[in-house]
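Inspection log for the structure reproduced underneath, given as structure tokens.
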Amino acid sequence: MIFDSLRWLGMDWDEGPDIGGPCGPYTQSERLDIYRQKAAELIDKGWAYRCNCTPERLDQVRDEQRARGETPKYDGHCRNLTPDAIAPDEPHVIRLKVPQEGTTIVHDSLRGDIVFDNTLLDDQILLKSDGFPTYHLAVVIDDHLMGITHVLRGDDWISSTPKRVLLYRAFGWQPPVYAHVPLVLGADGKKLGKRHGAISIAEFRRMGYLPEAVFNFLALVGWSPGEGEEQEVFTREELIQKFDIERINLAPAVFSYEKLDWMNGVYIRNLSREALLQHLIPFWVEAGFIPYPVPAGILRVLEIMVPLVQERLKHLTDVVELTDFIFTDIATPSPEDLIPKKTTPEQSLEIVRAIVKELAKLVSWDAESMEPALREMAAELNVKAGQVFNIIRVATSNKRVAPPLFGCLEALGRETTLKRLGQAEDVLVSHIAQQGS
RNA sequence: GCCCCCAUCGUCUAGUCUGGUCUAGGACACAGGCCUUUCAAGCCUGGUACAUGGGUUCGAAUCCCGUUGGGGGCACCA
């Protein structure tokens, strides 16, 4: 799923568990022997030790430390046992032997040196009692063996980085270049995480965002081209060319869906009609409006609708609500909606009847011929064209707000349009009758 | 509690390193207007910000220190 999401965003990679490569195996469970061997190496070098403290004892120690207002950390109970005090075959973990004096410096390419007092660092567990490594051990070994040169992470990882720097030192390896990027916050100012407001890339897709828009927007969260550059909409190629780690802003950024929505709209408007059509079809299918594959007759209707909705979409999903009346039956409009302001029910009825007459005599059922005919008709009736259009809109869609009228009528077809206008006529007739009694 | 990071409009940011051109620029959102068959889109106009106190300096959004505020971390999770 992560692979699919990354691919959707247009990211690719040179090697990995899905495509193989020279640095495999890539799955942790297939590398357990490496971790065990390396952990043993650290014990031999005096950089690690075995520990068989029970979880209960550790909890108790931590509780006591917290009660005393100290930073909870391992109390070193097993730190100075003789190497053979705990046999390799009895249950135990392996801990990092953090120096008890001095400092560890994390060089962050965005922030410079961050200095940590070693006495504050915990004797981190490296290998768990089930034989699996913790993240710290695994990532250091894997990154080194796989030739990783740069590590970019959220700044919530800063405080655990000295442990890994120490591991590099213990192994005698060169640490990678670290850059800790600011966190992305939710609207409430809290870290966006799995359990707090964050959504997966797959969800962006489901919500009707275009990958190009998400890619562009994400690049702009915490980064900007600077130097007076005021462009915000960039192609992928421009971003790849312009993006510079050094220009990442250090303050955490609030994730703004409002701006993402705007940007998605920009990208939707920039799409060709054909491309937008292809993007939209799955959402129409998903809504149950059209079958898939799309029959030629329906495709023609879709092709009419695409330009009408293009500049009205913020999300691709918006097309469902915008065009539902084209594909499904509508509820009968209320008389109130069919009677514009400053118009009597009788006038409305007269207008509807005139519309039906006018449309019925159209030779060709297309948007271009409807408009002039109806405008002329409105002039003859001495009413504003807008009023006429509003009535037609409500009668045919049961919406006060809809995409441009004549295109919709064309898409709807002569038969359905006239049927709905006939229903509107009925509504007005019975409304007038009720009022009269 | 302890440690770490950060601080310009409501939000994302330019400007900070290399003090003066910043009465602080842009974008989103918001308000008003234009256009208009509704809604959008587009165009125009508007309001809103250098957290605070002290230094350094002829001069500070820009450099230094304190304070305040926000965020993060403190697992046999990643």
Side-chain angles (χ1 to χ4, degrees), chain A residues 51 53-55 58-59 62 65-74 91-95 106 108 110-112 114-117 119-122 124-136 138-139 153-162 180 182-185 187 189-191 193-194 217 220-233 246-247 249-263 265-266 268-269 308-314 318 322 371 374-375 378 384-394 397 399-406:
Chain A
C51 165
C53 292
T54 62
L58 295 174
D59 283 343
R62 267 193 292 268
Q65 288 167 330
R66 256 189 278 265
R68 271 180 273 136
E70 296 169 13
T71 298
K73 58 178 271 199
Y74 183 61
H92 67 277
V93 301
I94 293 176
R95 287 181 182 273
V106 173
D108 182 288
L110 297 174
R111 301 158 218 264
I114 306 170
V115 182
F116 292 86
D117 195 332
T119 57
L120 263 14
L121 266 27
D122 201 1
Q124 181 65 43
I125 290 178
L126 302 175
L127 204 66
K128 299 187 272 183
S129 53
D130 62 4
F132 274 75
T134 57
Y135 174 78
H136 308 284
V139 80
R153 267 202 270 265
D155 70 21
D156 52 341
W157 286 87
I158 290 178
S159 40
S160 63
T161 302
H180 292 91
L183 295 179
V184 179
L185 275 24
K190 298 288 182 199
K191 169 185 171 183
K194 276 183 215 148
F217 179 78
L220 252 24
V221 174
W223 173 85
S224 69
E227 283 162 9
E229 175 70 81
E230 283 171 0
Q231 186 182 344
E232 297 207 83
V233 178
E246 304 291 324
R247 284 204 49 83
N249 194 329
L250 294 178
V254 173
F255 190 98
S256 165
Y257 280 97
E258 280 178 345
K259 191 152 186 178
L260 172 58
D261 286 354
W262 162 78
M263 189 167 278
V266 170
I268 287 175
R269 272 172 253 132
L308 304 184
V309 298
Q310 184 155 22
E311 65 190 25
R312 274 155 255 265
L313 297 175
K314 275 189 171 152
D318 295 341
L322 228 39
E371 181 164 358
L374 289 167
R375 282 192 188 277
K384 286 191 171 171
Q387 286 196 313
V388 173
F389 300 157
N390 282 333
I391 292 174
I392 304 176
R393 180 175 299 110
V394 172
S397 69
K399 291 175 192 283
R400 290 170 173 280
V401 173
L405 184 59
F406 307 109

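Since this is a predicted model, take the numbers as computed values, not measurements. Chain letters run A, B, ... following the sequence lines, proteins first, then strands; residues in each count from 1.
The pair A:Lys259-A:Glu232 meets the salt-bridge criterion, since a charged nitrogen lies less than 4.0 angstrom from a carboxylate oxygen.
B:rG54 and B:rU18 have their P atoms separated by 26 Å, with the value rounded to a whole Å. Between B:rG46 and B:rA51, the two C1' atoms lie 26 Å apart (nearest whole Å). Using atom C1' as the reference point in both B:rU16 and B:rC22, the two lie 12 Å apart (nearest Å). Between the P atoms of B:rA31 and B:rU67, the separation comes to 42 Å (whole Å). Nucleotides B:rG19 and B:rG69 are separated by 26 Å at their C1' atoms, to the nearest Å. Straight-line distance between the P atoms of B:rC30 and B:rG10: roughly 16 Å, to the nearest whole Å. The separation of B:rG47 from B:rG25, taken at their P atoms, amounts to 11 Å, rounded to a whole angstrom. B:rA27 sits 30 Å from B:rC63 when the C1' atoms are compared, rounded to a whole Å.
In terms of heavy atoms, A:Ala378 sits closest to A:Ala385 at CB-CA, 3.9 Å. Contact detail for A:Ala253 and A:Val221: the closest heavy-atom pair is CB-CG1, 3.9 Å.
Under the 3.5 Å distance criterion, the side-chain polar atoms of A:Ser129 are left unmatched by any main-chain donor or acceptor of A:Pro91. Of the possible donor and acceptor atoms, one in the side chain of A:Arg247 sits under 3.5 Å from a partner among the backbone N and O of A:Ser224. A donor-acceptor pair under 3.5 Å links the side-chain atoms of A:Asp122 to the main chain of A:Tyr74, judged by distance alone. A donor-acceptor pair is defined here as one N or O able to donate and one able to accept, closer than 3.5 Å; no such pair exists between the side chain of A:Lys314 and the backbone of A:Glu258. For A:Arg111 (side chain) and A:His180 (main-chain N/O), a donor-acceptor pair under 3.5 Å exists by modelled atom type.
Nucleotide B:rC2 is matched to B:rG73 when pairs are restricted to Watson-Crick or G-U wobble geometry with both distances under 3.5 angstrom. Of all nucleotides present, only B:rU68 satisfies the Watson-Crick or G-U wobble test against B:rA7, with each distance under 3.5 Å.
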Quick one, give me the B/S/- string for nucleotides 68-75 of chain B, reading 5' to 3', where B means a protein heavy atom under 4.0 Å from the base and S means that only happens at the primed atoms, P, OP1 or OP2.
---SSSBS

Sugar-phosphate or base contact per nucleotide [nucleotides 18-26 of chain B; S, B, -; heavy atom under 4.0 Å]
-------SS

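Aromatic pair A:Phe217/A:Phe255: centroids less than 6.0 angstrom apart.
Among the protein residues, A:Gly265 comes within range of no part of the nucleic acid, since none of its heavy atoms lies under 4.0 Å from any strand. Within 4.0 Å of A:Pro404, counting heavy atoms only, lies at least one base atom of the nucleic acid. Contacts of A:Arg153 with the nucleic acid, taken as non-hydrogen atoms under 4.0 Å apart, are absent. Within 4.0 Å (heavy atoms only), A:Asn249 reaches sugar-phosphate atoms of the nucleic acid but no base atom. Among the atoms of the strands shown, only primed sugar atoms or phosphate atoms (P, OP1, OP2) are found under 4.0 Å from some heavy atom of A:Thr134. Here A:Val93 lies in heavy-atom contact (under 4.0 Å) with a base. Contacts of A:Phe406 with the nucleic acid, taken as non-hydrogen atoms under 4.0 Å apart, include base atoms. Looking at heavy-atom distances under 4.0 Å, A:Ala402 makes contact with a base.
At least one side-chain nitrogen or oxygen of A:Arg269 sits closer than 4.0 Å to the OP1 or OP2 atom of B:rG42. Within the structure, a side-chain polar atom (N or O) of A:Arg375 is placed less than 4.0 Å from OP1 or OP2 of B:rU37.
Remark: C1' of B:rU38 and CD of A:Glu371 are 13 Å apart, rounded to the nearest angstrom. Protein atom CE of A:Met263 is 9 Å distant from nucleotide atom P of B:rC28, rounded to whole Å. To the nearest angstrom, C1' of B:rA29 lies 5 Å from CD of A:Glu258. In this structure, the CG atom of A:Leu220 is 13 Å from the P atom of B:rA27, given to the nearest Å. For the pair A:Leu110 CG and B:rA7 C1', the interatomic distance rounds to 16 Å; values are reported in whole Å. In this structure, CG of A:Leu260 is placed 15 Å from P of B:rC12, rounded to the nearest angstrom. Computed from coordinates, the A:Tyr257 OH to B:rC28 C1' distance equals 16 Å when rounded to whole Å. Straight-line distance from the CG atom of A:Leu250 to the C1' atom of B:rC17: 12 Å, rounded to whole Å.
One distance of note links CD1 of A:Ile94 with CD1 of A:Ile125; it measures 10.5 Å at 0.5 Å rounding. Rounding to the nearest 0.5 Å gives a distance of 4.5 Å between CG of A:Asp156 and CG of A:Leu183.
For the side chain to side chain contact (heavy atoms under 4.5 Å, CB included) test with A:Val388, the passing option among A:Ile391, A:Ile392, A:Asn390 is A:Ile392; the others fail.
For A:Ser224, counting side-chain heavy atoms from C-beta on, the closest listed nucleotide (B:rU37, B:rC39, B:rA14) is B:rA14. Checked against B:rC39, B:rC5, B:rU37, the side chain of A:Asn390 finds its nearest nucleotide in B:rU37. If you check B:rU38, B:rC6, B:rC28 against the side chain of A:Arg312, the one that comes closest is B:rU38. Set against B:rA7, B:rC5, B:rC3, the side chain of A:Ile158 has B:rC5 as its closest nucleotide.
Nearest-nucleotide positions on RNA chain B place A:Leu120 closer to the 5' end than the other of A:Arg247 and A:Leu120. Taking the nucleotide of RNA chain B with the nearest heavy atom to each of A:Ser129 and A:Gly226, the more 5' of the two is matched to A:Gly226.
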